[in-house]
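Within every chain, numbering begins at 1; the chains are lettered A, B, ... in the order of the sequence lines, protein sequences first and strands thereafter.
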Number of protein chains: 2
Amino acid sequence: MGRAERKRPATLRTIAQSAGVDISTVSRVLNGSPEDAARAASRETADAIREWAARLDYRPNPHAKSLRTQRSNLVGVLVPRLSDVVLATIYEGIEDAAAGHGLATFVMNSHDRPAEQRARTELALSRRVDGLILGDAHHDGEFTGELAERRVPFVLVSRHAGEHPSVTCDDYLGGRLVAEHFLELGHRRAGVIAGEPFASTGIDRTAGFADRYRAEGLEVATVHSGFDTAGGHRAAERLLTETGPTAIFAVNDFAAIGALGAVRDAGLRPGIDVAVAGFNDTPLAAELPVPLTSVRSPMHEMGRRALELLITVLNGQSPESERLAPELFVRASTAR
Amino acid sequence: MGRAERKRPATLRTIAQSAGVDISTVSRVLNGSPEDAARAASRETADAIREWAARLDYRPNPHAKSLRTQRSNLVGVLVPRLSDVVLATIYEGIEDAAAGHGLATFVMNSHDRPAEQRARTELALSRRVDGLILGDAHHDGEFTGELAERRVPFVLVSRHAGEHPSVTCDDYLGGRLVAEHFLELGHRRAGVIAGEPFASTGIDRTAGFADRYRAEGLEVATVHSGFDTAGGHRAAERLLTETGPTAIFAVNDFAAIGALGAVRDAGLRPGIDVAVAGFNDTPLAAELPVPLTSVRSPMHEMGRRALELLITVLNGQSPESERLAPELFVRASTAR
DNA sequence: CTGAAAGCGCTTACAG
DNA sequence: CTGAAAGCGCTTACAG
């Protein structure tokens with residue numbers, strides 16, 4: 001019945017005894033740099049050690065290593081919600097890059113609530129992460145400012161705040177691309193579903209869009225909303241009844257899907273009577289019944305780059321922030 | 001320029017020196033059970049110790065603790081893809097429950113590929129997890145069988161395999177609920193988009209659906225597909241041209257969304273000419289332009305329960321598997 | 001090339 | 001009630 005005891009994993013000591021050498025030699029051969037290893041033992045001794053390690057299925061104990069080296073090789077990641085596919089994909093990029101560097105990551109939800117951001121960060125710190133990647137920075141920069149003051153190594157991803165190192169999409173440019181597309185189609189009365197006011201993504205996308213319209217002497221109507229379908233639906237309803245735009249830019253695909261529904265509910269045809277564009281080009285966008293025009297942001301790549309950026313921070317440097325290029329994909333929702 | 005040195009965190013030793021007591025007393029007061037703490041020091045000593053701990057912002061070093069106790073309080077979670085909102089939501093449930101038990105979790109993608117399942121599992125084991133939660137079990141039970149043989153503590157979530165402890169939705173019942181709904185609407189020619197053949201979710205949902213039709217003397221057409229929109233689109237196309245069903249059950253909301261598109265592309269009206277139902281009731285379902293009928297599975301709760309189940313396994317027990325109840329939400333996509 | 005020793009920060013029998 | 005000691009599994013100066 002009850003589970004049998006799992007046998008204790010091999011340690012440096014086990015191997016040292018088997019191979020008849022000192023534990024420190026084993027450490028250098030198995031876990032040291034190649035130069036260390038070469039200098040630590042003769043070819044034969046080293047081979048014998050490696051042979052034993054393989055036979056005993058040795059794996060270095062990370063807790064012992066961390067305790068000794070004062071480095072956990074752990075990175076904590078904060079996101080608003082992991083069930084948001086945008087953040088999940090960014091996290092996948094972080095994870096990929098981390099694995100390539102021998103780093104482990106763990107991710108936590110903050111729900112964009114300052115109290116949870118703080119609590120989760122303290123949790124990560126108490127787990128002795130080497131650094132943090134924040135995907136939930138608020139534009140006011142309050143919390144990130146505190147962290148910087150405490151000398152906690154961190155970088156931002158997806159959103160920027162203050163002067164802290166970040167990897168983002170060039171959201172301003174992305175918004176402008178949509179505006180240009182709309183203007184080419186002849187839409188002179190446009191609305192923006194601008195997302196949450198504390199996220200630089202929504203702020204920049206909206207600004208890029210509105211500035212381009214303003215350059216034509218046109219003002220755009222703006223409504224804030226949650227980054228989700230229901231929020232987009234409500235925002236589009238307001239836009240439709242209050243200002244009657246012929247084109248709507250939602251700064252997020254999910255909000256755009258909600259807008260699509262609101263357009264239809266108003267008895268209008270998306271893509272024909274009212275153009276709708278989103279942002280991020282999530283996998284769903286192209287597959288919707290009315291395929292959605294969207295600005296693709298390199299989510300996976302942003303995650304990868306953020307991890308690389310954190311590594312430079314951990315090396316004591318102060319790296320430049322990066323802004324990755326967006327790309328517009330035109331589909332039936334802005335067909336006319 | 002360069003970041004200032006972060007000051008070393010307080011340790012038991014720091015506190016012991018400040019409070020003028022032995023380090024072991026501090027340990028018992030701060031990290032021991034309440035009884036230990038009570039027995040270890042007088043009220044005043046204990047209070048003094050706690051005061052110092054607070055003042056010095058003491059946080060136990062988890063690596064030292066894990067090294068000493070041979071318990072990491074770490075749980076590894078494997079999922080096919082975190083960017084699948086179903087698995088992301090389940091993981092959120094796991095995370096929530098884990099936090100409540102003082103456990104930390106980390107999650108990895110296996111992409112449903114056996115080689116990656118193995119590699120990620122070894123990685124988790126080398127990080128000395130206390131146990132694993134697998135959200136990517138394959139129905140053949142090959143890999144899970146190996147793990148059980150090695151006495152690795154684990155539970156399954158979302159999918160079941162073999163006799164291993166699992167927390168799933170009652171997928172068979174979920175499939176039957178859809179069949180009953182379709183039959184009530186008078187659909188006698190139905191098709192199923194059955195998902196991947198290695199996932200118990202798709203298998204059970206399909207079986208529950210088909211068995212109910214069979215009880216009426218009716219056979220259903222079945223096509224396998226990926227659990228994504230593109231796969232659902234292709235599968236629906238095949239179904240539509242080959243057998244011309246009046247109702248399609250996709251075992252996954254994303255596949256259902258693809259089916260919605262295929263129906264429309266075929267010049268048919270979803271919900272009027274062809275009924276379409278999905279599974280999981282992801283947040284999008286209710287918000288689609290044509291709201292999607294779907295079977296809600298308690299994703300978050302499944303995650304929570306899986307973590308609880310793992311804890312009983314870690315306590316050496318052999319718990320019963322759990323099947324949570326699904327619930328059908330009828331919407332416009334099966335309006336007639 | 002190889003070893004002996006100290007120490008990272010904890011917990012926990014053992015002793016009083 | 002409190003302390004002294006051993007040890008978890010590593011790494012890394014130091015010495016030869």
Please tabulate, one pair per line, each protein N/O and nucleotide N/O from nucleotides 6-9 of chain C that are separated by under 3.5 Å, including the distance.
| residue | atom | partner | partner atom | Å |
| --- | --- | --- | --- | --- |
| C:dG7 | N2 | A:Arg68 | NH1 | 3.4 |
| C:dC8 | O3' | A:Gln70 | NE2 | 2.9 |
| C:dC8 | O2 | A:Arg68 | N | 3.4 |
| C:dG9 | OP1 | A:Gln70 | NE2 | 3.4 |
| C:dG9 | N2 | B:Ala64 | O | 3.3 |

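- In this structure, A:Ala37 has no side chain to side chain contact (heavy atoms under 4.5 Å, CB included) partners at least two apart in sequence or on a different chain.
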Expected rows: protein N/O vs nucleotides 1-3 of chain D N/O, under 3.5 Å:
| residue | atom | partner | partner atom | Å |
| --- | --- | --- | --- | --- |
| D:dT2 | OP1 | B:Thr45 | OG1 | 3.2 |
| D:dT2 | OP2 | B:Ser42 | N | 2.7 |
| D:dT2 | OP2 | B:Thr45 | OG1 | 3.4 |
| D:dG3 | OP2 | B:Asp22 | N | 2.7 |
| D:dG3 | OP2 | B:Thr25 | OG1 | 3.1 |
| D:dG3 | N7 | B:Ser24 | OG | 3.4 |
| D:dG3 | N7 | B:Arg28 | NH2 | 3.0 |
| D:dG3 | O6 | B:Arg28 | NH1 | 3.4 |
| D:dG3 | O6 | B:Arg28 | NH2 | 2.8 |

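- With pairs defined as Watson-Crick or G-U wobble and both atom distances under 3.5 Å, the stems of at least three pairs that touch DNA chain C come out as C:1-3 with D:14-16, C:5-12 with D:5-12, C:14-16 with D:1-3.
- Within the structure, salt bridge (charged side-chain N to carboxylate O under 4.0 Å, His left out) pairs that include any residue of residues 64-87 of chain B comprise A:Glu92-B:Arg81, B:Arg71-B:Asp130 (at least two apart or interchain).
- Salt bridge annotation for A:Asp136-A:Arg120: absent, with no cationic side-chain nitrogen under 4.0 angstrom from a carboxylate oxygen.
- Residues meeting the side-chain hydrogen bond (donor to acceptor under 3.5 Å, both in side chains) test with B:Asp140, sequence neighbours left out: none.
- A donor-acceptor pair under 3.5 Å links the side-chain atoms of A:Ser72 to the main chain of A:Leu74, judged by distance alone.
- Distance, B:Leu30 CG to C:dT11 C1': 13 Å, rounded to whole Å.
- Of the charged side-chain nitrogens involved, at least one lies within less than 4.0 Å of a carboxylate oxygen, so that B:Glu51 and B:Arg55 count as a salt-bridged pair.
- By the 6.0 Å contact criterion, CD on B:Glu163 is open, its count of non-hydrogen atoms from other residues, nucleotides or ligands being 12 or less.
- Salt-bridge formation is detected for the pair B:Arg150/B:Glu122: a Lys NZ or Arg NE/NH1/NH2 atom is positioned less than 4.0 Å from an Asp or Glu carboxylate oxygen.
- The aromatic ring centres of A:His164 and A:Phe154 sit less than 6.0 Å apart.
- A 4.5 Å side-chain heavy-atom check between A:His111 and A:Gln117 finds every atom pair outside the cut-off.
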